[in-house]
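Here is the structure we will look at, set down as structure tokens.
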Number of protein chains: 2
Amino acid sequence: MAEEFEKILEKFKDTLKANNLKYTKQREAIVSFIYNNKGHFTPEEINDALKEKHKDMKIGIATIYRTLALLEESGMATSISFDAQGKKYEFGLKKHHDHIVCSKCGLIKEFYDETIEQKQNEIAKKLNFILEDHHMKLIGICETCQKKRGKN
Amino acid sequence: MAEEFEKILEKFKDTLKANNLKYTKQREAIVSFIYNNKGHFTPEEINDALKEKHKDMKIGIATIYRTLALLEESGMATSISFDAQGKKYEFGLKKHHDHIVCSKCGLIKEFYDETIEQKQNEIAKKLNFILEDHHMKLIGICETCQKKRGKN
DNA sequence: CTGACTGCAAAATCTTTGCAAAGAC
DNA sequence: GTCTTTGCAAAGATTTTGCAGTCAG
């Protein structure tokens with residue numbers, strides 16, 4: 001696992017170098033945070049977490065946005081808005097997966113289904129699209145919220 | 001088709017009545033626009049279109065937002081953000097469907113696939129969620145953009 | 001009439017940008 | 001040294017809210 005992160009970092013450095021960009025503490029911290037906290041964050045959450053974690057390092061929300069945009073452009077992270085209002089994104093370095101979100105508590109779980117992936121390809125072909133990517137989000141009520149129903 | 005719209009309007013009026021809300025020109029115009037222009041709009045696009053279409057009627061962006069929220073709450077319309085940055089929503093009164101979006105020109109096509117729908121139910125069950133809804137978005141390059149590749 | 005609705009403009013959010021200082025190479 | 005990055009604060013963009021007048025029931 002540790003070596004996987006090394007590979008990620010290498011790829012990140014290569015991308016930077018290839019584009020005449022610089023490797024900075026802040027950028028490393030952001031990539032590292034995203035990698036090590038596989039989850040779903042808003043830019044602000046990342047900002048707060050890094051401020052907390054690296055008290056010595058200066059970090060600003062603008063840098064988060066800029067780095068996130070950079071990562072997304074280079075395909076190393078993806079953003080998905082889970083809620084039209086809430087503006088919650090996912091930035092992840094993981095391999096492909098889809099999401100199911102609890103409409104009560106916001107819990108997000110991930111899954112992967114081969115059948116669906118194949119079907120998606122068929123559909124794209126039928127509609128004459130070259131498929132590049134996809135996002136799927138299921139919305140439901142999670143186990144916990146089913147039990148304590150009546151609340152929220 | 002015309003009678004379908006009548007039914008929609010009836011349902012809308014019923015919902016309003018049931019909640020002690022009023023049936024106004026503005027609300028009708030918005031519902032009507034959404035119904036008759038089955039497509040994908042930003043609130044601002046709806047606002048502009050209505051200003052253009054009903055020059056006599058006053059309409060403000062706040063009303064659009066308020067009505068859209070109302071429609072969404074009552075399940076008569078849904079919003080999906082197609083782009084984390086772009087904040088583009090869909091508000092539709094149609095029956096369920098999913099989307100494929102062209103990454104070059106933004107063209108949106110719709111589709112429906114029974115196999116995927118079934119799989120989604122299975123997945124939700126396996127993860128102990130009660131499935132309520134889902135959104136799926138495929139991203140690719142449409143036929144037109146494939147032909148004029150090199151551009152953007 | 002009464003209470004909900006509307007437009008407007010101001011406020012609240014969220015994201016991007018300009019700029020001078022700091023840092024990577 | 002040179003050119004990119006950074007943080008900050010200001011600017012933009014998007015969405016929500018407060019309010020007094022207007023309108024539906």
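Worth knowing before you read on, the calculation uses all heavy atoms, side chains too, and leaves out hydrogens, waters and symmetry mates. Note that the coordinates shown come from a computational prediction; the quantities given were computed from them, not determined experimentally. Chain letters run A, B, ... following the sequence lines, proteins first, then strands; residues in each count from 1.
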Nearest-nucleotide comparison on DNA chain D, the residue closer to the 5′ end among A:K58 and B:E44: A:K58

Rounded interatomic separation in angstrom, taking CZ from A:F41 and P from C:dC14: 18 Å

A:K125, NZ: over 12 other non-hydrogen atoms inside 6.0 angstrom: no

Between C1' of C:dA24 and CG of A:L16, the distance in whole Å: 11 Å

d(CD1, A:I61; C1', D:dA10) in whole Å: 16 Å

Atom NZ of A:K126: over 12 foreign heavy atoms under 6.0 Å: no

Sugar-phosphate, base or nothing in reach of B:I59, heavy atoms under 4.0 Å: sugar-phosphate

Integer-rounded Å distance: D:dT16 P and B:N47 CG: 14 Å

Dot-bracket encoding of pairs in DNA chain D, which uses [ ] for pseudoknotted crossings and | for another strand, Watson-Crick or G-U under 3.5 angstrom: |||||||||||||||||||||||||

Rounded distance (Å) that lies between atom C1' of C:dT6 and atom CE of B:M57: 11 Å

Within one Ile-Leu-Val-Met-Phe-Trp-Tyr cluster: A:L131 and A:I116, side-chain cutoff 4.5 Å: yes

Expected output: side-chain B:Q118 to main-chain B:T115 donor-acceptor under 3.5 Å: no

Pick out the pairs of N or O atoms, protein on one side and nucleotides 21-25 of chain D on the other, that lie under 3.5 Å.
unit_1: D:dA24; atom_1: N3; unit_2: B:K22; atom_2: NZ; d: 3.0

Using a cutoff of under 3.5 Å, can you pull out all pairs of nitrogen or oxygen atoms linking the protein to nucleotides 17-19 of chain D, with atom names and distances?
none

Residue A:E44 excluded, over 12 heavy atoms near CD under 6.0 Å: no

Integer-rounded Å distance: D:dT16 P and B:L68 CG: 10 Å

D:dT4 phosphate, OP1 or OP2, under 4.0 Å from A:R27 side-chain N/O: no

Shared hydrophobic cluster, B:L9 / B:M57 (ILVMFWY, side-chain heavy atoms < 4.5 Å): yes

Whole angstrom value for the distance that separates P of D:dT4 from CD of A:E28: 22 Å

SB check A:E122 A:K119 (cutoff 4.0 Å): yes

Plane angle bin for B:Y23 and B:F12 - parallel if under 30°, tilted between 30 and 60°, otherwise perpendicular: perpendicular

Within-4.5 Å side-chain heavy-atom neighbours: B:Q120 and A:M136: yes

Closest-nucleotide 5' rank along DNA chain C - winner of B:N20 and B:K51: B:N20

Connected via hydrophobic side-chain network under 4.5 Å: B:I46 and B:L70: yes

Shared hydrophobic cluster, A:I64 / A:L21 (ILVMFWY, side-chain heavy atoms < 4.5 Å): yes

Euclidean distance, atom CG of residue A:L70 to atom P of C:dT16 [Å, nearest integer]: 13 Å

Test log, rule side chain to side chain contact (heavy atoms under 4.5 Å, CB included), inputs A:E117 and A:Y112: CA-CA 8 Å; A:E117 303 287 322; A:Y112 176 82; 3.7 Å; yes

